[in-house]
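Structure first, commentary second.
Just follow the structure's listing: the first ligand is 1, and inside any ligand the first atom is 1.
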Amino acid sequence: MTPALELKAIGRRFVQGENELVILDGADMTIAAGEMVALVAPSGSGKSTLLQIAGLLEKPTSGEVVVGERQCSRLDDKGRTAMRRQAIGFVYQFHHLLPELSALENVMIPQLILGRSRGDAAKRARVLLDHMRIAGRADHRPAELSGGEQQRVAIARAVANEPQLLLADEPTGNLDPSTSDHVFDSLTTLVRESRLAALIATHNHDLAARMDRTVTLADGKIVPKLR
Ligand SMILES: Nc1ncnc2c1ncn2[C@@H]1O[C@H](COP(=O)(O)OP(=O)(O)OP(=O)(O)O)[C@@H](O)[C@H]1O
């Protein structure tokens with residue numbers, strides 16, 4: 001079966017004045033379809049950089065990114081954007097929902113961008129909000145929702161276009177422990193039921209333990225982390 005994501009010898013360097021900062025240095029990883037992988041690594045080790053590269057938001061200095069069957073390294077900006085919209089969902093620590101739209105509309109937006117009809121987009125948005133246990137708040141705007149509810153909507157939005165890969169950077173890092181636990185539970189159930197592959201950066205070892213395996217970053221490389 002084709003992996004959902006392959007990172008091949010990814011390098012990422014930043015030039016700062018006369019110094020070169022090597023953040024990723026030959027990072028390799030394969031995530032199988034339907035597999036959930038936790039990324040647990042110290043602050044500043046390059047987790048966000050890795051997720052940005054895997055999500056085609058940033059280009060590596062060297063190496064290749066393959067999403068599904070698509071070799072993405074040679075895609076131009078238009079091709080990368082199209083690939084991101086179709087195949088990849090993102091969840092960040094902060095929800096980034098559009099404030100003037102309702103929860104339902106926020107989950108509809110990525111689908112409308114891909115050309116789905118309003119009716120179909122609304123139908124799928126309701127199903128996803130129901131999965132995320134927030135169907136009753138569909139008509140509320142983000143400011144009228146709690147932090148946990150906002151993240152539930154953000155997760156529903158991330159999977160609205162049926163991506164094959166979900167990338168999440170501390171998706172519950174901004175929530176209190178109990179809310180984080182519940183939101184993560186819904187996220188995990190949704191990912192499993194959708195047979196989505198996921199790479200989730202977290203500092204929370206309990207949450208990491210619920211995933212299939214954990215990796216970390218050491219000297220710019222991805223290595224397995226024992227639990
Ligand atoms: N555009 C950039 N220019 C220069 N340095 C950068 C840039 N982006 C990231 N870095 C540096 O790369 C390193 C890794 O950053 P990154 O945000 O990937 O770490 P992280 O593991 O996600 O950290 P945290 O857990 O604190 O979010 C840091 O030292 C950061 O300062």
Side-chain angles (χ1 to χ4, degrees), residues 4-31 35-67 72-73 75-77 80-81 83-84 88-97 147-148 150-151 154-155 158 163 165-177 179-181 183-184 187-188 191 197-227:
L5 173 71
E6 282 180 278
L7 300 177
K8 298 180 181 175
I10 298 293
R12 183 67 171 111
R13 296 152 192 263
F14 296 108
V15 178
Q16 280 191 327
E18 292 186 354
N19 298 323
E20 195 181 44
L21 205 59
V22 180
I23 304 302
L24 299 173
D25 186 18
D28 290 302
M29 169 152 73
T30 301
I31 301 186
E35 191 181 25
M36 268 190 106
V37 180
L39 174 59
V40 180
S43 187
S45 60
K47 297 183 298 295
S48 299
T49 303
L50 185 80
L51 287 170
Q52 300 270 88
I53 289 172
L56 310 179
L57 288 163
E58 214 181 282
K59 285 186 182 170
T61 315
S62 54
E64 292 181 2
V65 180
V66 186
V67 179
C72 301
S73 313
L75 289 178
D76 60 12
D77 285 351
R80 294 160 69 83
T81 302
M83 193 66 197
R84 257 199 321 271
I88 306 171
F90 291 92
V91 185
Y92 302 94
Q93 184 170 354
F94 298 97
H95 57 79
H96 297 298
L97 297 171
Q150 290 166 345
Q151 275 311 75
I155 293 164
L165 176 66
L166 181 73
L167 300 171
D169 200 351
E170 294 278 352
T172 61
N174 196 34
L175 307 175
D176 66 68
T179 307
S180 164
D181 202 60
V183 172
F184 198 82
L187 167 69
T188 312
V191 167
L199 177 60
I200 302 181
T202 178
H203 286 292
N204 185 323
H205 292 266
D206 292 337
L207 301 186
R210 296 193 208 163
M211 295 183 236
D212 298 319
R213 63 187 164 103
T214 301
V215 296
T216 189
L217 282 163
D219 299 327
K221 293 181 174 55
I222 299 167
V223 293
K225 184 173 168 64
L226 297 178
R227 288 173 171 165

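Looking at K47 and E170, no side-chain N of the basic residue comes within less than 4.0 Å of a carboxylate O on the acidic one, giving no salt bridge.
The closest protein non-hydrogen atom to atom 24 (P) of ligand 1 is S43 OG, 3.5 Å. In this structure, the protein non-hydrogen atom closest to atom 25 (O) of ligand 1 is K47 NZ, 2.7 Å. For atom 31 (O) of ligand 1, the closest heavy atom belonging to the protein is L21 CD2, 4.9 Å. The single protein non-hydrogen atom nearest to atom 28 (C) of ligand 1 is G44 O, 3.9 Å, given as residue, atom name and distance. The shortest contact between atom 19 (O) of ligand 1 and any protein heavy atom is with G46 N, 3.4 Å. Looking from atom 15 (O) of ligand 1 to the surrounding protein, the closest heavy atom is T49 OG1, 3.8 Å. Atom 8 (N) of ligand 1 has as its closest protein heavy atom F14 CZ, 3.3 Å. Atom 17 (O) of ligand 1 has as its closest protein heavy atom S48 CB, 3.6 Å.
With a heavy-atom cut-off of 4.0 Å, E170 does not touch ligand 1 at all. Counting heavy atoms closer than 4.0 Å to ligand 1, residue P42 contributes backbone atoms (N, CA, C, O) but none from C-beta onward. In I23, the part holding a heavy atom less than 4.0 Å from any atom of ligand 1 is the side chain.
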Walk me through whether L5 and V66 qualify under side-chain contact (heavy atoms from CB on, under 4.5 Å). CA-CA 6 Å; L5 173 71; V66 186; over 6 Å; no

When you look at R210 and F184, which way does the side-chain contact (heavy atoms from CB on, under 4.5 Å) test go after all the steps? CA-CA 9 Å; R210 296 193 208 163; F184 198 82; 3.7 Å; yes

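Rounded to the nearest 0.5 angstrom, I10 CD1 and K221 NZ are separated by 12.5 Å.
Under a 4.0 Å heavy-atom criterion, Q52 is not in contact with ligand 1.
Annotation for L166 and F90: closest pair CD1-N, 4.3 Å, computed over non-hydrogen atoms. Closest approach of P171 and V91 over heavy atoms only: CB-CG1, 3.9 Å. Of all the heavy atoms in T216 and P42, the pair that sits closest is OG1-CD, 4.4 Å.
Within a 6.0 Å sphere centred on CG of D219, other residues, nucleotides and ligands contribute 12 heavy atoms or fewer.
There is a protein heavy atom less than 4.0 angstrom from atom 4 (C) of ligand 1.
Those atoms of ligand 1 with a heavy atom of Q16 less than 4.0 angstrom away are 4 (C), 5 (N).
The closest donor-acceptor contact from the side chain of D212 to the backbone of M36 lies under 3.5 Å.
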